[in-house]
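This report refers to the structure that appears directly beneath it.
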Protein chains: 2
Amino acid sequence: MLGLMQQQSLLISSLIEFANRHHHDGEVVSRRVEGDIHRYTWGDVAKRSRQVAHVLDNLKLAQGDRVATLAWNGYRHLELYFGVSGSGRVLHTLNPRLHPDQVVWIANHAEDQVLCFDMTFLPLVQAVHARCTTVKHWVALCDKDKLPVDSGIPNLMSYEALLEGQSTEYDWPDLDENTASSMCYTSGTTGNPKAALYSHRSTLLHAYAAALPDVMCISARDAILPVVPMFHVNAWGIPYSAAMTGAKLVFPGPALDGKSVYELIESEKVTFAAGVPTVWQMLLGHMRPAKLRFSSLKRTVIGGSACPPAMIDAFNEDYGVDVLHAWGMTEMSPLGTLCTLKNKHLSLPAEDQMKIRLKQGRCIFGVDLKIVNDAGEDLPHDGKTYGDLLVKGPWIIREYYKQEGPGALVEGWFPTGDVATIDEDGFMQITDRSKDVIKSGGEWISSIDIENIAMGHPDVAMAACIGMAHPKWDERPIVCVVKKPGSNLTAAELLQFYEGKTAKWQIPDDAVFVEAIPLGATGKMLKTKLREQLSNYKLPSA
Amino acid sequence: MLGLMQQQSLLISSLIEFANRHHHDGEVVSRRVEGDIHRYTWGDVAKRSRQVAHVLDNLKLAQGDRVATLAWNGYRHLELYFGVSGSGRVLHTLNPRLHPDQVVWIANHAEDQVLCFDMTFLPLVQAVHARCTTVKHWVALCDKDKLPVDSGIPNLMSYEALLEGQSTEYDWPDLDENTASSMCYTSGTTGNPKAALYSHRSTLLHAYAAALPDVMCISARDAILPVVPMFHVNAWGIPYSAAMTGAKLVFPGPALDGKSVYELIESEKVTFAAGVPTVWQMLLGHMRPAKLRFSSLKRTVIGGSACPPAMIDAFNEDYGVDVLHAWGMTEMSPLGTLCTLKNKHLSLPAEDQMKIRLKQGRCIFGVDLKIVNDAGEDLPHDGKTYGDLLVKGPWIIREYYKQEGPGALVEGWFPTGDVATIDEDGFMQITDRSKDVIKSGGEWISSIDIENIAMGHPDVAMAACIGMAHPKWDERPIVCVVKKPGSNLTAAELLQFYEGKTAKWQIPDDAVFVEAIPLGATGKMLKTKLREQLSNYKLPSA
């Protein structure tokens, strides 16, 4: 027997129509590529999203056709989020930090028909456009009079010129909620990039979950600064959850330096910000010397990579800002776990609470986690045993776009490539990437643990731990460190610093000082590259 | 093109399995019918829900068969929520406050196969069982040794005896998410009761929405006291949202008096409570004379009927508890709107914020509202124009159970039977029930407005406004009032009190003092009954 409830598809168009209807004058503020501040309302976003839909109809784009973006976090990008997906096309957010060859490969693999770009990326588009063979329409996200006359890009159009005169009413299609809505390629460290192809249903379920009090806790009282890029897994879904709740959105545009981010937080009374650790490091680096304070910021979600304990401490203790550790993946829309405490933890002393806060967190309803050994057998949730981390849920992929063969799942679960523990309370802690873990004499050493200890040293700006081949132990860890300016730290002093902080056999064999740690497009350390750089390195003990 | 995300049905069984897996030792505390306090964990709820599923299998219940309850808020009722629906049967929560004849009519209309009851309701079951022709199995929610030997109910079984020895593992069926999960009859003031038949999908979407920060804001840090009965629209969905988030649940059982509720809030450190105004009136009535304070309670959601402004004031100002006005219906699962402020309201003075807080609130994403005139035309959202309120959304019914004809909707919208305004910010305010509004000289007078003014008088315990036939004006309002003990208030004094508080022509023609206002099973005033009682009344002006 079926229930007798109204049948209504979960659609992205319903998000923007809801925001328009019930949060019509809710603010959306953007620092533009042009440098100035642009402000308008959810009502305006709705009107212009509908104009975007008309433009795509006029360009004769079919349902399911891909519309790519190379753009910062800003209002025009937001309009594309709703206009492209809402009208039944697929929004493909390209990562402009990738190498031009990768951009070409990805655009061709996705078979993008339209590519919209911020003027910042004109040189990149000029470098790649001739090789992007499927793109028929190039759109510069700029005013009509800002369109370069001699860009060399055939039929380059101005976004504003395209929207001009289009009707601000649009009859959104009533799609199957499993229709593809958007796609995002992972910046794989090996092999070709692979794409997650999200659906309207997965996006809306994720939007509900992301706004929950135990997740990002998004309400109509929030002013949200997504520093995490909109080309990085849809800014962790914040644009959708903001429309769902009527929250104010504040977009930083290309200005991610500490000063710009700080000023935006203060001038727009931002209550909640989300981003990767590197951005927050720049922000604190700007605030500390000038002894600046936050007047409105209440909490941040930090994800993308494990957050150094020292930074959680700094935000909490020095600035009164609640730091939530988050964990997810492109393949997971992206949110999997958030590190919010439970009722029973509230009476614990601060230092015991901090031990929990350092973990990646516990499942959001919809996601399930498990850890398995090499034989695929379930391992206990005891906070000690670690194994390969597998996930499942309605906003997790079942296969990659154009993937051949049986899909991405192992008996219904998606293997994350992370190694983790899960404790009795469901709190998961990544101990390493499967490929980064150091296997020393049959035991595993977490490269992240080794890095976190180094990051706790006052002279260390950045640290990366990698395994080096060893004749006796298979691998031994070394720690590669960028010193803070003016520091005279020696390798011996740093290794001495490890004493008592970890088991003796886990202390690195060497500390190597480097000018910089190679970073990927999303700010993650590229250990493969670091290993290449150190190809001539010899372990002192080997 | 479809997305490539995992297909996973939204099922009630996944709620209890999630709570078990990730909040295994989360507490569920119940005041039992027996009077004592029972405490166990979400892990225990899961085990016993699975045992319930086995019992239903053993009783040869088919998918979709109805299992009825006559029970207070407590742990066994909670197990039935998950065990019955999770295994594919339909949970039918009967309202024990109804007249026995109504209980019989409803049980027969629903074709209940099993009826589970708390021992409180043994006399009711003894009175009705012979007429409940479809019920094959009667289950007393009690220990084996508490089962009455001479109840007169054929084959009466003890719940605990049925569960004993059943496996605590169960393979929940992978149902279509639109499968019926539970049902609830509305206590219609006219005609026969009608049932909403909820689905797994509608229940899970409602559970996500109900937990949002702008709705009930439910997290793993909460201890929730649902005073609203589990037989009243599934306790507003709290059991589901609690399982979804791992919140602690505290059940009051049958003890809804002020003293019992207060003691439970304090001893279990309740942070959030939900119920109808009458319960809170009893609670404040207990606390005031003894000058008691709350030590943990942060917020309450008040719904079921419009909350008197004086009570919102009392909770806010005297007790520091945030009061949220909620509005919904049995046909809406039940939540439609909640009165949480927006970002832009936070800088308003307290008295302007209070003006907003008195409204029923704004839409939760998923629900949409509109108001229409007699011709069905949309009316403006200006906060002044009122019209018939219509709603739609995935947790709103499209037709009643066994309804004949075209269903319950008018062009896709469900007519609520309420008259309301909606302001520019989307805040809805019920001005009346369509049937209670007083039509005087072509203008409408809201009976609720008239009642609220009377409730603001210190000598008034309860007030009901009804329309009386008038030869010139069609109808004129009178206010029927229950005085506080010892009061000498006169009709003239009370009518004088209206001066300056509403338009002159809206002031009632008379105040009539009564011993009591007739209340329905859910605490709502029965104005039809009141009108019957006053059938011989004559308006002074008529």
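Just so you know, these numbers come straight off a predicted model, no measurement behind them. Quick note on labels: first sequence line is chain A, next is B, and so on, each numbered from 1.
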Portion of A/A243 that has a non-hydrogen atom of chain B nearer than 4.5 angstrom
neither
Could you check which of B/A207, B/S202, B/G407 has the highest count of heavy-atom pairs closer than 4.5 Å to chain A?
B/S202
Partner chain B: residue of A/S219, A/G246, A/G426 with the largest heavy-atom pair count (under 4.5 Å)
A/S219
Residue A/A223 versus chain B: region with a heavy atom under 4.5 Å
both
Exam field: side chain A/R398 to backbone B/M5, donor-acceptor pair closer than 3.5 Å
yes
Which portion of A/K344 sits near chain B, non-hydrogen atoms under 4.5 angstrom:
side chain
Smallest separation among heavy atoms of B/Y401 and A/M1, with atom names:
CE1-SD, 4.3 Å
Most heavy-atom pairs under 4.5 Å with chain B, out of A/L175, A/L369, A/T245, A/L341, belong to A/L341
Non-hydrogen atoms of B/A220 and A/D214 that approach each other most closely
N-OD2, 2.7 Å
Qualifying residue, where the test is side chain to side chain contact (heavy atoms under 4.5 Å, CB included) with A/H22 and the options are B/D368, B/V367, B/T337:
B/D368
Among A/A247, A/A180, A/A195, which residue forms the greatest number of heavy-atom pairs with chain B at distances under 4.5 Å?
A/A180
Contact part of A/S333 toward chain B, heavy-atom cut-off under 4.5 Å: side chain, backbone, both or neither?
side chain
With a 4.5 angstrom heavy-atom cut-off, could you sort out which part of A/I364 is near chain B: side chain, backbone, both or neither?
backbone
For A/E424 and B/H24: C-alpha separation, side-chain torsions, deciding distance, then whether side-chain contact (heavy atoms from CB on, under 4.5 Å) applies.
CA-CA 8 Å; A/E424 295 83 349; B/H24 193 78; over 6 Å; no
Contact part of A/R66 toward chain B, heavy-atom cut-off under 4.5 Å: side chain, backbone, both or neither?
side chain
Restricting to non-hydrogen atoms, name the atom on B/R201 and the atom on A/Q8 that form the minimum distance, rounded to 0.1 Å.
NH2-O, 3.0 Å
Restricting to non-hydrogen atoms, name the atom on A/P213 and the atom on B/A211 that form the minimum distance, rounded to 0.1 Å.
CD-O, 3.0 Å
Less than 4.5 Å to any heavy atom of chain B: does that hold for the side chain of A/Q63, its backbone, both, or neither?
neither
Taking side chain as everything from C-beta outward and backbone as N, CA, C, O, which of these in A/K269 sits under 4.5 Å from a heavy atom of chain B? Side chain, backbone, both or neither.
neither
Note, B/D25 side chain near A/D425 side chain (heavy atom, < 4.5 Å):
yes
Non-hydrogen atoms of chain A under 4.5 Å away: do they reach the side chain of B/F18, the backbone, both or neither?
side chain
Region of A/D65 that comes under 4.5 Å of a non-hydrogen atom in chain B:
neither
Parallel, tilted or perpendicular, as decided by the 30° and 60° cut-offs, for the rings of A/Y208 and B/Y208
parallel
Would you say A/L4 and B/Y400 make side-chain contact, with heavy atoms under 4.5 Å?
no
In terms of heavy-atom proximity below 4.5 Å to chain B, should A/H200 be classed as side chain, backbone, both, or neither?
neither
So, the part of B/A209 with a heavy atom under 4.5 Å from chain A: the answer is both
Name the region of B/I397, side chain, backbone, both or neither, that has any atom closer than 4.5 Å to a heavy atom of chain A.
both
Mind ranking B/V90, B/L15, B/T340 by heavy-atom pairs under 4.5 Å with chain A and telling me who comes out on top?
B/L15
Looking at chain A, which one of B/G26, B/A196, B/A408, B/C363 has the largest number of heavy-atom pairs inside 4.5 Å, strictly under?
B/C363
At a heavy-atom separation under 4.5 Å, does A/L212 approach chain B through its side chain, its backbone, both, or neither?
both
If I compare all heavy atoms of B/G393 with all of A/Q6, which pair ends up nearest, and what's the gap?
N-OE1, 3.0 Å
For A/L10, is it the side chain, the backbone, both or neither that has a heavy atom under 4.5 Å from a heavy atom of chain B?
both
What one should report as the nearest heavy-atom pair of A/L205 and B/L205 is CD2-CD2, 3.8 Å
Contact part of A/E177 toward chain B, heavy-atom cut-off under 4.5 Å: side chain, backbone, both or neither?
side chain
Do you know which of A/E331, A/E17, A/R21 has the most heavy-atom pairs under 4.5 Å to chain B?
A/R21
Ranking B/N343, B/T179, B/L409 by heavy-atom pairs under 4.5 Å to chain A gives rank one to B/N343
